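Beneath this line is the structure, given in structure tokens, with notes to follow.
When a ligand or atom number is given, it counts from 1 through the structure's own listing order. Not measured: the values here are computed from a predicted model. In this chain, residues are counted from 1 in sequence order.
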Amino acid sequence: MTLSSPSRALAANNCRDELKRPETARDYLASIFDCSNDAIIAKRLDGRITAWNTAAERMFGYAASEIIGKPVTTLFPPDLLPEESEIMARIVTGRTTRTFETRRVRKDGREIQVSITVSPIRNAAGEIIGASKIVRDLTDRKAAEERFSNMQAELIHLARWNTMGMMASSLAHELNQPLAAMTNYLSALRRVLAAQPQNHKLLGELVEKSVQQGQRAATIVQHVRELVAKGKSTRLPESLAGVVREALQIVSVAIRQSGVEIKFEAENNLPPIEIDRVQIQQVVINLVRNAAEAMAKEPERRLNVRVVREGSNLRTDVADTGPGLPKEVADHLFEAFVTTKSTGMGLGLSICHQIVTAHGGALTARPNKPHGTVFTFILPLEPHGM
Ligand code: ADP
């Protein structure tokens with residue numbers, strides 16, 4: 001559709017003065033063309049631009065006079081040039097493309113996120129002579145989505161830190177007593193050893209009391225961990241694939257920003273499973289964050305997440321292409337306070353382990369091939385006591 005200048009002038013006029021009534025079908029078209037909030041661009045089969053509305057001027061920064069006659073690929077980022085031949089291959093067969101999301105470049109060089117629909121244009125004889133594109137600027141929407149997703153990820157992160165903070169402070173409080181008692185018994189032991197080393201009975205009593213206090217400290221740690229893991233557990237029948245997918249969406253922006261490519265697959269028709277949605281998402285988020293952190297320095301950063309049925313269980317694999325588990329943590333992976341990170345608390349995996357175990361399942365880790373780590377958690381389909 002190439003608009004003659006009177007039509008364009010009329011269209012522009014109608015756009016400014018909405019009360020004026022267009023007189024003919026052509027004027028109606030011209031009015032729609034120029035009042036649209038979406039860019040409408042027409043091109044010939046050789047890709048040269050033949051029409052360019054006011055919204056296109058606003059969106060791309062080129063005046064119609066500057067861009068008409070230029071190849072439409074002027075608007076393409078260099079890495080997306082092959083897209084044009086794919087679009088044209090569809091158009092010449094008379095098909096409209098589905099609306100798809102992509103990127104284009106403005107005159108000032110800034111890239112914008114857009115959604116595009118391309119349809120063939122035919123002449124009076126029905127022959128395809130070009131294509132029309134409707135382009136919507138998604139930059140604001142994408143930025144809002146990104147902000148929202150970042151906020152969500154941050155909230156989960158904060159919640160995790162908050163849980164850890166609460167746990168750490170109650171641990172400190174609870175552990176203070178047995179540790180103080182142990183210190184007292186051991187100091188007494190040292191005094192007795194110095195003064196009367198032959199008094200084996202007294203020595204034995206002091207050692208025994210000290211061991212008891214050590215065991216008490218261990219029970220407290222265990223108790224607090226169970227509290228965190230079991231917390232306020234609400235289990236309902238859920239789609240595990242849906243729960244995992246949602247957890248991935250929550251972290252996806254942060255993860256993609258760190259250059260990690262995420263692939264998710266789930267077996268079809270998986271049965272519902274009784275789980276605490278939030279807790280299982282906490283497990284997935286922890287595993288994914290750990291994987292992304294482990295891959296930070298790797299040239300290839302791929303994360304494959306898979307949910308499948310395995311007998312009477314559902315199994316979730318989180319596989320990364322990182323350097324694998326450091327030797328010093330491999331044997332104590334699920335114990336609290338095991339970390340190799342300067343800012344880590346070493347609680348993530350121990351909490352994941354607690355959550356999965358409380359669901360009657362199991363969390364394990366094994367090396368990935370050719371390198372990396374696969375964390376797997378299985379959850380039983382038969383409900384398990386809380
Ligand atoms: P934190 O993340 O606070 O260190 P975690 O319990 O989540 O605590 O992890 C414990 C340690 O296990 C990490 O410090 C890291 O050394 C190791 N680890 C966890 N996940 C991975 C992984 N996907 N690849 C390599 N090492 C990992």
Using a strict 4.0 Å cut-off to heavy atoms of [X], name the atoms of ligand 1 that fall inside it.
{"X": "G348", "answer": "5 (P), 6 (O), 7 (O), 8 (O)"}
{"X": "A294", "answer": "22 (C), 24 (N), 25 (C)"}
{"X": "T373", "answer": "24 (N)"}

Using a 4.0 Å heavy-atom cut-off, say whether D320 meets ligand 1 through its side chain, its backbone, both or neither.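 Within the 4.0 Å criterion, D320 contacts ligand 1 through side-chain atoms alone.
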L333 contact mode with ligand 1 (heavy-atom cut-off under 4.0 Å):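 Contact part for L333 vs ligand 1: side chain (C-beta onward).
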Is it the case that more than 12 heavy atoms not belonging to R106 sit under 6.0 Å from its CZ atom?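 Correct, the count exceeds 12.
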Taking CG in N37 as the centre, count heavy atoms belonging to other residues, nucleotides or ligands within less than 6.0 Å. Is the count above 12?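 Atom CG in N37 is not packed in, count stays at 12 or less.
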Salt bridge check: are [X] and [Y] linked by an N-O gap of less than 4.0 Å?
{"X": "D317", "Y": "R306", "result": "yes"}
{"X": "R103", "Y": "E111", "result": "yes"}
{"X": "E101", "Y": "R141", "result": "yes"}

Which is closest to [atom] in terms of heavy atoms, [options]?
{"atom": "atom 20 (N) of ligand 1", "options": "N290, T339, V329, I351", "value": "N290"}
{"atom": "atom 26 (N) of ligand 1", "options": "L325, V288, L303", "value": "L325"}
{"atom": "atom 14 (O) of ligand 1", "options": "T321, N368, T340, L349", "value": "T340"}

Closer than 4.0 angstrom: is that true for some heavy atom of [X] and an atom of ligand 1?
{"X": "F334", "value": "no"}
{"X": "P326", "value": "yes"}
{"X": "G324", "value": "yes"}

Output the distance between atom CZ (R104) and atom OG1 (T73), rounded to the nearest 0.5 Å.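 Between R104 CZ and T73 OG1, I get 9.5 Å after rounding to 0.5 Å.
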Would you say the side chains of S36 and D38 form a donor-acceptor pair under 3.5 Å?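 There is no such pair (donor and acceptor under 3.5 Å, judged by atom type) between the side chains of S36 and D38.
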Pairing residues for F60 by the ring pair (Phe, Tyr, Trp, His ring centres under 6.0 Å) criterion, not counting sequence neighbours: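 Listed in chain order: W52.
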